[in-house]
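One structure is given here, and the rest of the page talks about it.
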Amino acid sequence: MTDHTVSPDVHSDDDYSAYHDALAPWWADHARDFPWRFGRTDAWGVLLSEVMSQQTPMTRVLPYWQSWMAVWSSPDKLAEATAAEVISAWGTLGYPRRALRLRECAQEIVARFGGRVPDTYEELVSLPGIGDYTACAVMAFAYGKRVPVVDTNIRRVLSRAIGGAESLGGAANASERKLAENALPRDARMSVIWNQATMELGATVCTAKSPACDECPLRSECKFAQAGWPGLGQKRTRPRQTFTGTNRQVRGKILKALRHADEHHLSYDEISQVWADSVQLDACIASLDEDGLIEIREDHSLTLPLG
DNA sequence: TTCCGGTGCT
DNA sequence: AGCACCGGAA
């Protein structure tokens, strides 16, 4: 037993009705108005918003989601795009491999599911770029299914409000999943609101470092606040990779240069100007090539992939 | 300078 | 289980 995040004896249905009763009205008043919410888009729009939101705040996703949906409003449309087009349209959203996975995902949805976004966990996680979280999010938010959507925000809110402690780092454990399953309202429609509202609370109020407890609808029943916020923000985090001088920075510079280049093409001399250390530059060019994010020509010039 | 996070690979 | 991957806000 390695988990001490939540106490084990809080699993009966009645323990959570007050939680939902406080959360639902808060959601009604405070939900941010994104176009992929409130049933205003289809399953493809939801899937796109969820992939774009991986590792990325929704406020930053919004303009990209709108421009992508304007051009690629369905899987069969995105399936026809070139890699260069999607990498270019990804702009500075970050983690550009997601753009490639999204196109492959669209192609598989067309080839395997007749262009319809699947609605089962097994089918969804079999798609490129779709892991546990995104599969559950699509089932809940696109298809209205009663599924616990266990992201980092929900883990933090549940661990605090019900368990009275900070959630640990690492993958969600069985105890956390069990808690989310038990706290989830039995009614499917209510469960979708619960997932969205809990996630939103974690994103906007019950934040990692400085929770706005004064504005929290769960303030009066929160075990974490009652205990005096023990170990606030002490989540075990990955060792911080300093950005300057990393491959991550160099890869970003190379891709940015190609995005802005005429015909997305640069000679080796031109690309050499983005980074002085040629050994590291070459390593990053090789890794971008391995990721399928660039193509290397015979003369060592670079392009975004035509395919 | 530090913080934030889901997927996929090792 | 640990790590690489991103850019922008705090």
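Sequence lines set the chain letters: A, B, ... in the order given, protein chains first and strands last, and positions in each chain run from 1.
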Quiz item: Tell me: CG of L93(A) to P of dC6(C), nearest whole Å?
Solution: 12 Å
Quiz item: With a 4.0 Å cut-off on heavy atoms, is R98(A) in touch with a base, just the backbone sugar-phosphate, or nothing at all?
Solution: nothing
Quiz prompt | Distance, rounded to the nearest Å, where N247(A) contributes CG and dC5(C) contributes C1' | solution = 10 Å
Self-check item: Distance test, side-chain N/O of R251(A) to OP1/OP2 of dC6(C), below 4.0 Å
Solution: yes
Practice problem: Taking only the side-chain heavy atoms of Q55(A) (C-beta and beyond), determine which of dC6(C), dG5(B), dG8(C) contains the nearest atom. | Solution: dG5(B)
Quiz item: With sequence neighbours left out, which residue pairs that include part of residues 111-127 of chain A fulfil the side chain to side chain donor-acceptor pair (under 3.5 Å) condition?
Solution: E108(A)-R112(A), R112(A)-S126(A), T120(A)-E123(A), Y121(A)-D132(A)
Quiz item: So does R60(A) get a side-chain nitrogen or oxygen closer than 4.0 Å to the phosphate oxygens (OP1/OP2) of dC6(C)?
Solution: no
Practice problem: Answer yes if the side chains of Q54(A) and T134(A) hold a donor-acceptor pair under 3.5 Å, and no otherwise. | Solution: yes
Quiz item: Strictly by modelled atom types, are W275(A) and Q280(A) linked by a side-chain donor-acceptor pair under 3.5 Å?
Solution: yes
Quiz prompt | Proximity to the side chain of T152(A) - top-ranked nucleotide from dC6(C), dG7(C), dG6(B) | solution = dG6(B)
Quiz prompt | Interatomic distance where CG belongs to N173(A) and P belongs to dA1(C) [whole Å] | solution = 10 Å
Self-check item: Between H30(A) and T204(A): side-chain donor-acceptor atoms closer than 3.5 Å
Solution: no
Quiz item: Nearest-Å distance, CG (L288(A)) to C1' (dC6(C))?
Solution: 12 Å
Quiz item: How long is the line joining NZ of K256(A) and P of dG7(C), in whole Å?
Solution: 8 Å
Quiz item: Taking the side chain of T92(A) as its heavy atoms from C-beta onward, which of dG7(C), dC6(C), dT7(B) lies nearest to it?
Solution: dG7(C)
Practice problem: For P96(A), report the nucleic acid contact type (base, sugar-phosphate, nothing); a contact means any heavy atom under 4.0 Å. | Solution: sugar-phosphate
Quiz item: Roughly, in whole Å, what's the span from CD1 in I254(A) to P in dC6(C)?
Solution: 10 Å
Quiz item: Of the nucleotides dG5(B), dC3(B), dG7(C), which one has an atom closest to the side chain of N153(A)?
Solution: dG5(B)
Self-check item: W44(A): ring-ring contact (aromatic ring centres under 6.0 Å, His included) partners, not counting sequence neighbours
Solution: none
Quiz item: Can you list, by residue number, the residues of residues 121-139 of chain A that have a non-hydrogen atom closer than 4.0 angstrom to DNA chain B?
Solution: P128(A), G129(A), I130(A), G131(A), D132(A), Y133(A), T134(A)
Exercise. Tell me whether the centres of the aromatic rings in W90(A) and W68(A) are closer together than 6.0 Å.
Key: yes
Practice problem: Report yes or no: do T198(A) and Y19(A) form a side-chain donor-acceptor pair below 3.5 Å? | Solution: yes
Quiz item: Considering heavy-atom distances to DNA chain B, does Y95(A) or R101(A) have its closest nucleotide positioned more toward the 5' end?
Solution: Y95(A)
Exercise. Take atom CG of L102(A) and atom P of dC6(C), then tell me their distance rounded to the nearest Å.
Key: 15 Å
Self-check item: Between P of dC6(C) and NZ of K253(A), the distance in whole Å
Solution: 14 Å
